[in-house]
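From a predicted model like this one, the values you see are computed outputs, not experimental measurements. A, B, ... follow the sequence lines: proteins, then strands. Residue 1 opens every chain.
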2 protein chains.
Amino acid sequence: MKKSKRAKLTAAGWAVGSVQDFLGLSAADAALIELKLSLSRSLRDRRQRRGLSQVELAKRLRSSQSRVAKMEAGDPSVSMDLLVSSLLVLGASADELAKAIRSGVGRHAAA
Amino acid sequence: MKKSKRAKLTAAGWAVGSVQDFLGLSAADAALIELKLSLSRSLRDRRQRRGLSQVELAKRLRSSQSRVAKMEAGDPSVSMDLLVSSLLVLGASADELAKAIRSGVGRHAAA
DNA sequence: TGACACTATGTCATATGTGACATATAGTAA
DNA sequence: TTACTATATGTCACATATGACATAGTGTCA
């Protein structure tokens, strides 16, 4: 569960999807990161489609602009719970969530 | 984001799906809870299908038996990150994750 | 009965996430 | 230039999640 590895990755500007197990990153770890990045992108898409600023979305989420920015940036400090609940607040459907999931989880070997 | 509400719900033995907004629970909050419960069930299914005990799974996750039990029980103290990463470690595919997502997120009005 | 394997539940120290704030950067319009 | 809006990033106090441990319950096999 080394979350610090993810910090290293994104801090270094890596396209995480392309380096499945650069460093000690397991396939499952990499898949989780890709999944969250995919949710991040979905969030930004949805927000922009609705013509909302980060400040406005933050208000709806009872959060802050800086946290919304971090969500959209795929910051390691953002949980999947927060990403998903934000998408739900923006009215994301099951289909849309599932779609983001599918595009975020790469193929990986069974453990 | 009142997580305490969820504790009340499950503590009271409610089938969360049937009470979309019992108390002050918003549709998005309820959807998130249902989603996590769905992931919990998927986790137990997968583990049992593999013939693993909670202790054995805990070892693979570098976690503990008690936390695995809580994951499967839908305990409010368990994050979606942990649920999903556990499913990934058990080799869950994108399809399977998406399926769990779909069955966990009820229809709800756009916000 | 006892002994064993499995699961559930409560607690706690520590790790991680969160909202809020300050501040920086980028773009636009006057 | 200034002023304004939107977004990014660092920090921090506080909240929540985590693994570990103890312990209780449940079933099975002698």
Protein and nucleotides 11-14 of chain C: nitrogen or oxygen contacts under 3.5 angstrom:
residue : atom : partner : partner atom : Å
C/dT11  : O4   : B/Lys70 : NZ           : 3.0

Closest of D/dT9, C/dT18, D/dA6 to the A/Ala69 side chain is D/dT9
Once side-chain contact (heavy atoms from CB on, under 4.5 Å) is applied, do any residues pair with A/Ala58, and if so which ones, sequence neighbours excluded? A/Val68
Holding to salt bridge (Lys or Arg N to Asp or Glu O under 4.0 Å), I want the full list of residues that pass it with B/Arg44, two or more places apart in sequence or in another chain. B/Glu72
Using whole Å, what does the distance between atom C1' of nucleotide C/dT7 and atom CG of B/Leu57 come to? 13 Å
Any side-chain N or O of A/Arg47 under 4.0 Å from OP1/OP2 of D/dT7? yes
Terminal axes of the helix from C/dT1-D/dA30 to C/dA30-D/dT1 (5 end pairs apiece), angle rounded to 10 degrees, sit apart by 30°
Given side chains that start at C-beta, do those of A/Ile101 and B/Val84 come closer than 4.5 Å, heavy atoms only? no
Applying side chain to side chain donor-acceptor pair (under 3.5 Å), name anything that partners B/Ser79, two or more places apart in sequence or on another chain. none
Please report the distance, rounded to the nearest Å, between CD in A/Gln54 and C1' in C/dA26. 13 Å
May I have the distance from A/Leu83 (atom CG) to C/dT18 (atom C1'), rounded to whole angstrom? 13 Å
Check nucleotides 13-15 of chain D against the protein and report each pair of N or O atoms closer than 3.5 Å, with its distance, or say if there are none.
none

Nearest-nucleotide pick for A/Leu82, side chain only, options being D/dT7, C/dT7, C/dT18: C/dT18
Applying side-chain contact (heavy atoms from CB on, under 4.5 Å), name anything that partners B/Ala69, two or more places apart in sequence or on another chain. B/Gln54, B/Gln65
Apply the test side chain to side chain donor-acceptor pair (under 3.5 Å) to residues A/Asp95 and A/Ser93: give CA-CA distance (whole Å), side-chain angles for both, the deciding distance (0.1 Å), then the verdict. CA-CA 5 Å; A/Asp95 282 350; A/Ser93 69; 5.1 Å; no
Which whole-number value in Å describes the distance from B/Asp81 CG to C/dA15 P? 18 Å
Looking at A/Lys36 and A/Val78, what are the two nearest heavy atoms and their distance? NZ-O, 3.0 Å
Between B/Leu32 (CG) and D/dT16 (P), how many Å, whole number? 15 Å
Check this one for me: any side-chain N or O of A/Ser63 less than 4.0 Å away from OP1 or OP2 of C/dG19? yes
Could you give the CG-to-C1' distance, from B/Asp75 to D/dG19, as a whole number of Å? 14 Å
Heavy-atom closest pair, residues B/Leu43 and B/Ser86: CD1-CB, 3.9 Å
Does B/Arg46 have any salt bridge (Lys or Arg N to Asp or Glu O under 4.0 Å) partners at least two apart in sequence or in another chain, and if so, which? B/Glu96
With sequence neighbours excluded, what pairs up with A/Ser63 under the side chain to side chain donor-acceptor pair (under 3.5 Å) test? none
Could you work out, with side chain to side chain donor-acceptor pair (under 3.5 Å) as the rule, every residue matching A/Gln48, not counting sequence neighbours? none
Summarise protein proximity over nucleotides 23-30 of chain D in one line of letters, 5' to 3': B for base, S for sugar-phosphate only, - for none, counting protein heavy atoms closer than 4.0 Å. --------
Round to a whole Å and report the spacing from NZ of A/Lys59 to P of C/dA20. 11 Å
To the nearest Å, how far apart are A/Met71 CE and C/dA20 P? 11 Å
Is any side-chain heavy atom of A/Glu56 closer than 4.5 Å to one of A/Arg60? no
Take A/Met80 and A/Leu32 through the test side-chain contact (heavy atoms from CB on, under 4.5 Å) and record every step on the way to the result. CA-CA 9 Å; A/Met80 209 175 143; A/Leu32 185 63; 4.2 Å; yes
A/Ser64 side chain, from C-beta outward: closest of D/dA17, C/dA8, C/dG19: C/dG19
Quick check for you: to the nearest 0.5 Å, what is the distance between A/Asp81 atom CG and B/Leu82 atom CG? 10.0 Å
